[in-house]
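Note that these values count all heavy atoms, side chains included, but never hydrogens, waters or copies made by symmetry. Every chain is numbered from 1 and lettered A, B, ... according to where its sequence line falls, protein lines coming before strand lines.
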Amino acid sequence: MKNTSLAIDFSLPSYEVAHQLIGATFTVDGVGGIIVEAEAYDQTDPASHTFVGKTKRNASMFGPPGCVYVYRSYGIHWCLNFVCEKEGHGAGVLIRAIEPIVGLQIMEERRGTKNVRLLCSGPGKLGQALAIVHSYNGMPLNQSPFELVPAKKPVDVISGPRIGISKAVDLPWRFGLSGSPFLSRPFR
DNA sequence: GCGACGATTGGCT
DNA sequence: GCCAATCGTCGCC
(Lines give C-alpha, C1' and ligand atoms only; values in the text may rest on other atoms or scores of the structure.)
Protein backbone atom coordinates (compact mmCIF):
# COMPACT_ATOMS: atom_id res chain seq x y z
CA MET A 1 0.00 0.00 0.00
CA LYS A 2 1.16 3.50 -0.81
CA ASN A 3 0.81 6.55 1.35
CA THR A 4 -0.14 9.28 -1.11
CA SER A 5 -1.40 11.96 1.27
CA LEU A 6 -0.30 15.54 0.78
CA ALA A 7 -1.69 16.70 4.12
CA ILE A 8 -2.70 15.04 7.36
CA ASP A 9 -6.50 15.12 7.74
CA PHE A 10 -7.30 14.45 11.38
CA SER A 11 -11.04 14.38 10.72
CA LEU A 12 -10.64 10.95 9.11
CA PRO A 13 -11.01 7.65 11.01
CA SER A 14 -8.00 6.86 13.16
CA TYR A 15 -6.78 4.00 10.96
CA GLU A 16 -6.72 6.38 7.98
CA VAL A 17 -4.82 9.00 9.96
CA ALA A 18 -2.34 6.40 11.22
CA HIS A 19 -1.70 5.38 7.61
CA GLN A 20 -1.22 9.00 6.51
CA LEU A 21 1.19 9.71 9.35
CA ILE A 22 3.74 7.15 8.17
CA GLY A 23 6.52 9.06 6.45
CA ALA A 24 5.56 12.40 7.98
CA THR A 25 8.18 14.40 9.87
CA PHE A 26 7.38 15.23 13.49
CA THR A 27 9.44 17.32 15.89
CA VAL A 28 9.06 18.71 19.41
CA ASP A 29 11.16 21.83 20.02
CA GLY A 30 13.09 20.98 16.86
CA VAL A 31 13.90 17.42 17.96
CA GLY A 32 12.48 14.37 16.19
CA GLY A 33 12.32 12.74 12.78
CA ILE A 34 10.19 10.63 10.44
CA ILE A 35 7.23 8.71 11.85
CA VAL A 36 7.76 5.07 10.89
CA GLU A 37 5.21 3.31 13.12
CA ALA A 38 1.75 4.20 14.47
CA GLU A 39 -1.32 2.41 15.83
CA ALA A 40 -5.00 3.39 15.55
CA TYR A 41 -7.56 3.27 18.36
CA ASP A 42 -11.20 4.36 18.61
CA GLN A 43 -14.10 4.14 21.01
CA THR A 44 -15.63 1.01 19.47
CA ASP A 45 -12.33 -0.76 20.05
CA PRO A 46 -12.02 -2.85 23.25
CA ALA A 47 -8.25 -2.24 23.31
CA SER A 48 -8.67 1.55 23.39
CA HIS A 49 -8.42 3.70 26.49
CA THR A 50 -11.67 5.34 25.33
CA PHE A 51 -13.68 2.09 25.11
CA VAL A 52 -15.10 2.65 28.61
CA GLY A 53 -16.18 6.20 27.79
CA LYS A 54 -14.81 9.56 28.81
CA THR A 55 -12.76 9.63 32.02
CA LYS A 56 -10.37 12.09 33.59
CA ARG A 57 -7.35 10.41 32.00
CA ASN A 58 -8.63 10.05 28.44
CA ALA A 59 -10.61 13.33 28.28
CA SER A 60 -8.28 14.95 25.73
CA MET A 61 -8.88 12.05 23.34
CA PHE A 62 -12.54 13.13 23.31
CA GLY A 63 -11.41 16.69 22.55
CA PRO A 64 -10.77 18.37 19.19
CA PRO A 65 -8.94 16.41 16.46
CA GLY A 66 -5.38 17.51 15.74
CA CYS A 67 -4.48 17.75 19.42
CA VAL A 68 -2.27 15.44 21.46
CA TYR A 69 -3.24 12.88 24.10
CA VAL A 70 -0.41 12.07 26.53
CA TYR A 71 -0.69 9.24 29.03
CA ARG A 72 1.57 7.44 31.50
CA SER A 73 2.31 3.82 30.68
CA TYR A 74 3.20 1.25 33.33
CA GLY A 75 3.83 4.09 35.76
CA ILE A 76 7.08 4.81 33.94
CA HIS A 77 6.76 6.06 30.39
CA TRP A 78 4.99 8.97 28.69
CA CYS A 79 3.28 7.99 25.46
CA LEU A 80 2.12 10.28 22.66
CA ASN A 81 -1.13 10.14 20.67
CA PHE A 82 -2.78 12.34 18.04
CA VAL A 83 -6.53 12.87 18.46
CA CYS A 84 -8.62 12.02 15.37
CA GLU A 85 -12.00 12.10 13.72
CA LYS A 86 -14.36 14.41 15.59
CA GLU A 87 -14.71 15.96 19.03
CA GLY A 88 -16.45 13.47 21.30
CA HIS A 89 -15.52 10.37 19.25
CA GLY A 90 -12.63 9.20 21.39
CA ALA A 91 -10.38 8.20 18.50
CA GLY A 92 -6.64 8.61 18.20
CA VAL A 93 -3.31 7.36 16.93
CA LEU A 94 -0.47 6.14 19.14
CA ILE A 95 2.92 7.20 17.76
CA ARG A 96 5.10 4.13 18.30
CA ALA A 97 8.37 4.79 16.48
CA ILE A 98 10.31 7.56 14.75
CA GLU A 99 13.42 7.49 12.58
CA PRO A 100 15.69 9.98 14.40
CA ILE A 101 16.72 12.83 12.09
CA VAL A 102 16.87 16.19 13.88
CA GLY A 103 18.58 16.83 17.21
CA LEU A 104 20.35 13.48 17.33
CA GLN A 105 22.75 14.55 20.07
CA ILE A 106 19.93 15.77 22.30
CA MET A 107 18.06 12.49 21.87
CA GLU A 108 21.23 10.51 22.59
CA GLU A 109 21.67 12.41 25.85
CA ARG A 110 18.04 11.98 26.90
CA ARG A 111 18.07 8.26 26.11
CA GLY A 112 21.54 7.51 27.43
CA THR A 113 22.63 5.68 24.29
CA LYS A 114 24.33 6.50 20.99
CA ASN A 115 22.67 3.60 19.21
CA VAL A 116 20.36 5.45 16.81
CA ARG A 117 18.13 2.41 16.47
CA LEU A 118 17.34 2.53 20.18
CA LEU A 119 16.47 6.23 20.39
CA CYS A 120 12.82 6.22 19.27
CA SER A 121 11.94 2.57 18.48
CA GLY A 122 8.96 2.27 20.82
CA PRO A 123 6.31 4.53 22.37
CA GLY A 124 8.12 4.88 25.71
CA LYS A 125 11.54 5.46 24.14
CA LEU A 126 10.07 8.02 21.78
CA GLY A 127 8.46 9.81 24.72
CA GLN A 128 11.82 10.04 26.47
CA ALA A 129 13.80 11.07 23.36
CA LEU A 130 11.34 13.85 22.47
CA ALA A 131 10.89 14.85 26.14
CA ILE A 132 7.13 14.34 26.04
CA VAL A 133 5.58 15.59 29.28
CA HIS A 134 2.07 15.38 30.68
CA SER A 135 1.57 19.13 30.33
CA TYR A 136 1.45 18.65 26.53
CA ASN A 137 -1.84 16.80 27.01
CA GLY A 138 -4.60 18.47 24.96
CA MET A 139 -2.30 20.89 23.15
CA PRO A 140 -2.84 21.46 19.40
CA LEU A 141 -0.31 19.95 16.99
CA ASN A 142 -0.20 22.95 14.66
CA GLN A 143 1.67 25.20 17.04
CA SER A 144 4.83 25.35 19.12
CA PRO A 145 6.55 23.22 20.33
CA PHE A 146 5.15 20.80 17.75
CA GLU A 147 5.80 20.63 14.04
CA LEU A 148 4.23 18.08 11.73
CA VAL A 149 5.10 17.95 8.03
CA PRO A 150 3.38 15.37 5.78
CA ALA A 151 5.45 13.05 3.61
CA LYS A 152 6.51 14.83 0.42
CA LYS A 153 6.62 11.63 -1.60
CA PRO A 154 4.51 8.47 -1.36
CA VAL A 155 5.99 5.84 0.93
CA ASP A 156 5.41 2.08 1.28
CA VAL A 157 3.11 1.41 4.24
CA ILE A 158 2.47 -2.02 5.72
CA SER A 159 -0.05 -2.99 8.40
CA GLY A 160 -0.55 -5.73 10.95
CA PRO A 161 -1.83 -6.54 14.45
CA ARG A 162 -1.13 -4.07 17.23
CA ILE A 163 1.46 -4.67 19.96
CA GLY A 164 1.14 -5.03 23.71
CA ILE A 165 -2.64 -5.33 23.89
CA SER A 166 -4.84 -8.21 25.09
CA LYS A 167 -8.13 -7.28 23.38
CA ALA A 168 -9.03 -6.98 19.69
CA VAL A 169 -5.65 -8.51 18.88
CA ASP A 170 -6.68 -9.40 15.33
CA LEU A 171 -7.48 -5.87 14.17
CA PRO A 172 -4.69 -4.83 11.71
CA TRP A 173 -4.44 -1.30 13.03
CA ARG A 174 -0.67 -1.12 13.37
CA PHE A 175 0.97 0.71 10.45
CA GLY A 176 4.63 0.97 9.58
CA LEU A 177 7.14 2.15 7.00
CA SER A 178 8.03 -0.92 4.99
CA GLY A 179 11.53 -2.19 5.69
CA SER A 180 12.44 0.52 8.19
CA PRO A 181 15.16 -0.48 10.69
CA PHE A 182 13.67 1.94 13.22
CA LEU A 183 10.45 0.03 14.01
CA SER A 184 9.76 -1.10 17.57
CA ARG A 185 9.36 -4.61 16.14
CA PRO A 186 9.41 -5.98 12.61
CA PHE A 187 6.19 -6.69 10.68
CA ARG A 188 5.73 -10.22 9.46
C1' DG B 1 -10.23 2.94 50.90
C1' DC B 2 -8.04 -0.89 48.33
C1' DG B 3 -6.32 -3.92 44.84
C1' DA B 4 -5.48 -5.26 40.12
C1' DC B 5 -3.55 -4.04 35.91
C1' DG B 6 -1.61 -1.78 31.96
C1' DA B 7 -1.25 0.95 24.13
C1' DT B 8 6.59 -0.70 28.03
C1' DT B 9 11.35 -1.19 28.65
C1' DG B 10 15.79 -3.08 29.88
C1' DG B 11 18.45 -6.38 32.17
C1' DC B 12 19.33 -11.14 33.17
C1' DT B 13 19.02 -16.29 32.20
C1' DG C 1 12.48 -15.80 26.58
C1' DC C 2 11.26 -14.27 31.29
C1' DC C 3 10.53 -10.89 34.75
C1' DA C 4 10.86 -6.82 37.81
C1' DA C 5 10.24 -1.83 38.00
C1' DT C 6 6.72 1.63 39.13
C1' DC C 7 2.41 4.38 39.75
C1' DG C 8 -1.86 6.51 37.99
C1' DT C 9 -6.42 5.05 36.79
C1' DC C 10 -10.37 2.52 37.29
C1' DG C 11 -13.64 -0.59 39.35
C1' DC C 12 -15.54 -2.43 43.25
C1' DC C 13 -16.27 -2.96 48.37
Side-chain angles (χ1 to χ4, degrees), chain A residues 10 13-22 24 26 28 32 35-63 65 67-85 89-100 107-139 141 157-177 180-188:
Chain A
F10 286 101
S14 54
Y15 58 88
E16 294 279 2
V17 177
H19 184 273
Q20 286 191 11
L21 284 170
I22 304 302
F26 178 70
V28 179
I35 298 174
V36 295
E37 184 180 343
E39 285 179 354
Y41 292 86
D42 77 26
Q43 202 186 351
T44 65
D45 165 19
S48 173
H49 287 173
T50 56
F51 185 68
V52 295
K54 189 174 178 177
T55 67
K56 189 175 180 180
R57 173 174 69 153
N58 66 25
S60 65
M61 210 159 146
F62 285 92
C67 293
V68 305
Y69 164 50
V70 176
Y71 72 92
R72 199 129 160 94
S73 176
Y74 289 88
I76 305 168
H77 312 289
W78 292 107
C79 297
L80 176 71
N81 300 254
F82 296 166
V83 180
C84 300
E85 215 160 321
H89 278 219
V93 173
L94 170 69
I95 309 303
R96 287 192 55 92
I98 284 177
E99 175 178 343
M107 291 190 275
E108 288 170 359
E109 288 168 5
R110 288 171 177 165
R111 291 278 301 122
T113 175
K114 295 208 172 212
N115 186 334
V116 187
R117 288 200 188 203
L118 301 182
L119 293 181
C120 300
S121 56
K125 299 177 192 175
L126 184 156
Q128 187 180 23
L130 271 57
I132 301 301
V133 289
H134 189 55
S135 58
Y136 290 159
N137 195 35
M139 286 175 52
L141 275 167
V157 178
I158 47 179
S159 65
R162 294 171 294 182
I163 292 177
I165 55 172
S166 56
K167 299 162 189 168
V169 292
D170 293 328
L171 215 51
W173 277 9
R174 175 183 179 228
F175 298 86
L177 181 62
S180 171
F182 300 99
L183 300 170
S184 66
R185 300 192 56 176
F187 286 77
R188 52 160 305 171

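Residues passing the side-chain hydrogen bond (donor to acceptor under 3.5 Å, both in side chains) test with A:Ser159: none are found, sequence neighbours excluded.
Taking 4.5 Å as the limit, some side-chain heavy atom of A:Tyr71 sits within range of a side-chain heavy atom of A:His49.
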Can you give one letter per nucleotide of nucleotides 1-13 of chain B, 5' to 3': B if a protein heavy atom sits under 4.0 Å from the base, S if only from the sugar-phosphate, - if neither?
-----BBBSS---
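Under 4.0 Å is where a charged nitrogen must lie from a carboxylate oxygen, and between A:Asp170 and A:Arg162 no such pair does.
For the P atom pair drawn from B:dA4 and C:dA4, the interatomic distance equals 16 Å after rounding to whole Å.
In terms of modelled atom types and a separation under 3.5 Å, the side chain of A:Asn58 and the main chain of A:Thr55 share a donor-acceptor contact. Here the side chain of A:Arg96 pairs no donor or acceptor atom with the backbone of A:Gly122 at under 3.5 angstrom.
Across all strands shown, B:dA7 forms no Watson-Crick or G-U wobble pair with both distances under 3.5 Å.
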